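Just so we're clear, the structure is a prediction, and the values are computed from it rather than from any experiment. Positions are given from 1, in the same order as the sequence printed here.
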Amino acid sequence: MKTRIFLKLSAVMMIIALCTASCGKSPVTDDAVTDDTENSGDGGNGGDGGDGGNDNGNGDTPATEVMVSLNLVGEIPDMENRSSALLYIQAYSLRDDDDEYYEMKPYAHGLFDKASDISVPLQKDGKYKFLATIVADGKNRISMEEGVYGLPFRTSLTNSFVVNDEFNRYLVMRGDADLAGSGMFIRPDIDRYYGESPTYTVAPDNPAPATISLVRATFGLNVTVKNLTEGKLYIETEGTPRVSISYPETEVSYIFSARSTYDAYRVDCEGKTEFTNEYAERINVNITYVTANGLEIPVKQDDYWFYRNECTNLEVTVSGTAVGSGININVEDTEMKDDNQMIEFVGGGDYKKN
């Protein structure tokens, strides 16, 4: 336990103890993807019928193509028992170049509400890369207009691939999402997953399945308040919908996605035999106390490290005196387990580890 004592505050009526879930490690982060905000608006609508291409399973496969199955591994929600989950997969053709990300050409994409029996028509001997993202409660949480889902999909539910180039990889590589009834957030309170395949070369006969490894690109936050006898607390985490604790409530738990789902994958999964929880983002948290008569009292605003798939615990204690209050920040080494009851994920921690 590490404890830092701050200067006394004469006007604040709160004592805050913040227990930050970490593993005693230095945060690993990368903002390479999040700087490309200008690219997020040009993703295409896959629900336009897929002009110029084949949908999965419709018609005969041309002699130059072969159907390839896709296999999802890693941290995956149980989509078989969760009918509201949405899986979005993008397929890119690759040129013979050392830097595959700059030579990726959009080839096909599809939005699915299943994670099995998925295949895509590919050119024989071609090279491809697949990007995928899952929103565990996507049908309920992601906005939809005229049959087209908002970010991170911007397409219709087809349960098949549409062969066209009208989509953008930045849609899935960032945490941005259009929430139903709430608007767009860069760290929405949804259970989000992201993954990629290695370069896949299509065998002309009996090709093996292409494998996509996914990680859970999500942070957890639990806030507990003690001695709250009236009013409420507002908790604002940067880029996330505001939450509150109103008397007589004492606790609120929620999750939110990483700002860069790609970096979460790159740090904790890419090229590794075992996943890690080293990816972190430094995020601003602002807590405000509102009295029963509407008076707002700023409590604490600061930046803190959040680690992927781990829980940050904030404990707020209401002090009975307005003078002599102090702030203690306690850092504990704790890890969010599958059975951790302090964070209520949609469906719990029921992901598959392959």
With no hydrogens and no angle check, is any side-chain donor or acceptor of [X] less than 3.5 Å from a backbone partner on [Y]?
| X | Y | value |
| --- | --- | --- |
| Ser143 | Leu179 | no |
| Asn222 | Asn313 | no |
| Lys124 | Ala63 | yes |
| Arg187 | Glu238 | yes |
| Glu281 | Ser260 | yes |
| Gln301 | Val285 | no |
| Thr133 | Tyr193 | yes |
| Arg308 | Arg216 | yes |
| Glu230 | Thr291 | no |
| Thr158 | Ser160 | yes |

### Task
List the steps and the verdict of side-chain contact (heavy atoms from CB on, under 4.5 Å) for Asp137 and Asp191.
CA-CA 7 Å; Asp137 196 25; Asp191 197 1; over 6 Å; no
What's the separation between atom [atom1] in [X] and atom [atom2] in [Y], rounded to the nearest 0.5 Å?
| X | Y | atom1 | atom2 | answer |
| --- | --- | --- | --- | --- |
| Asn227 | Thr229 | CG | OG1 | 8.0 Å |
| Thr261 | Arg174 | OG1 | CZ | 9.0 Å |
| Tyr149 | Lys139 | OH | NZ | 6.0 Å |
| Leu86 | Ile142 | CG | CD1 | 8.0 Å |
| Tyr194 | Arg192 | OH | CZ | 9.5 Å |
| Met79 | Phe112 | CE | CZ | 9.5 Å |

Close side-chain approach of [X] to [Y], heavy-atom, < 4.5 Å:
| X | Y | value |
| --- | --- | --- |
| Leu131 | Lys129 | yes |
| Pro152 | Val135 | yes |
| Tyr88 | Leu157 | no |
| Pro298 | Tyr289 | no |
| Pro77 | Arg82 | yes |
| Ile245 | Thr250 | no |
| Asn309 | Glu75 | yes |
| Val223 | Glu251 | no |

### Query
Would you say Lys272 has more than 12 foreign heavy atoms packed within less than 6.0 Å of its NZ?
yes
Using only heavy-atom distances, determine whether the side chains of [X] and [Y] contain a donor-acceptor pair under 3.5 Å.
| X | Y | result |
| --- | --- | --- |
| Gln90 | Tyr92 | yes |
| Asn284 | Asp303 | yes |
| Asn159 | Asp113 | yes |

### Query
Between Glu249 and Tyr247, is a side chain to side chain donor-acceptor pair (under 3.5 Å) present by the stated rule, with each step listed?
CA-CA 5 Å; Glu249 298 172 350; Tyr247 177 79; over 6 Å; no
#### Entry: Chi angles and distances behind the side-chain contact (heavy atoms from CB on, under 4.5 Å) call for Leu171, Leu151
CA-CA 7 Å; Leu171 299 181; Leu151 287 170; 3.4 Å; yes
### Task
Could you check Met104 against Leu94 for side-chain contact (heavy atoms from CB on, under 4.5 Å), going step by step and ending with a plain yes or no?
CA-CA 5 Å; Met104 292 168 54; Leu94 303 178; 3.5 Å; yes
### Query
Hey, do the aromatic rings of Phe306 and Phe256 have their centres closer than 6.0 Å?
yes
### Query
Is the distance between the ring centroids of Tyr128 and Tyr107 less than 6.0 Å?
yes
How close do [X] and [Y] get, counting heavy atoms only, and between which atoms?
| X | Y | answer |
| --- | --- | --- |
| Thr312 | Leu314 | CG2-CD1, 3.7 Å |
| Val267 | Tyr279 | CG1-N, 3.8 Å |
| Ile190 | Ala177 | CD1-CB, 3.9 Å |
| Ser84 | Asn140 | CB-ND2, 3.7 Å |
| Val68 | Pro207 | CG2-CG, 3.9 Å |
| Asn71 | Pro209 | CB-CB, 4.5 Å |

### Query
Applying the 4.5 Å side-chain criterion to the ILVMFWY set and letting contacts propagate, would Tyr234 and Ile283 be lumped into a single cluster?
no
### Query
For the hydrophobic clusters of this structure (ILVMFWY residues joined by side-chain heavy atoms under 4.5 Å, transitively), does one cluster hold both Val243 and Phe219?
yes
### Task
With side-chain contact (heavy atoms from CB on, under 4.5 Å) as the test, would you mind laying out the steps for Val290 and Lys232 before giving the verdict?
CA-CA 5 Å; Val290 182; Lys232 66 176 64 177; 4.0 Å; yes
### Message
side chain to side chain donor-acceptor pair (under 3.5 Å), that's the test. Do Asp189 and Thr240 meet it? Break it down for me.
### Response
CA-CA 6 Å; Asp189 56 335; Thr240 300; over 6 Å; no
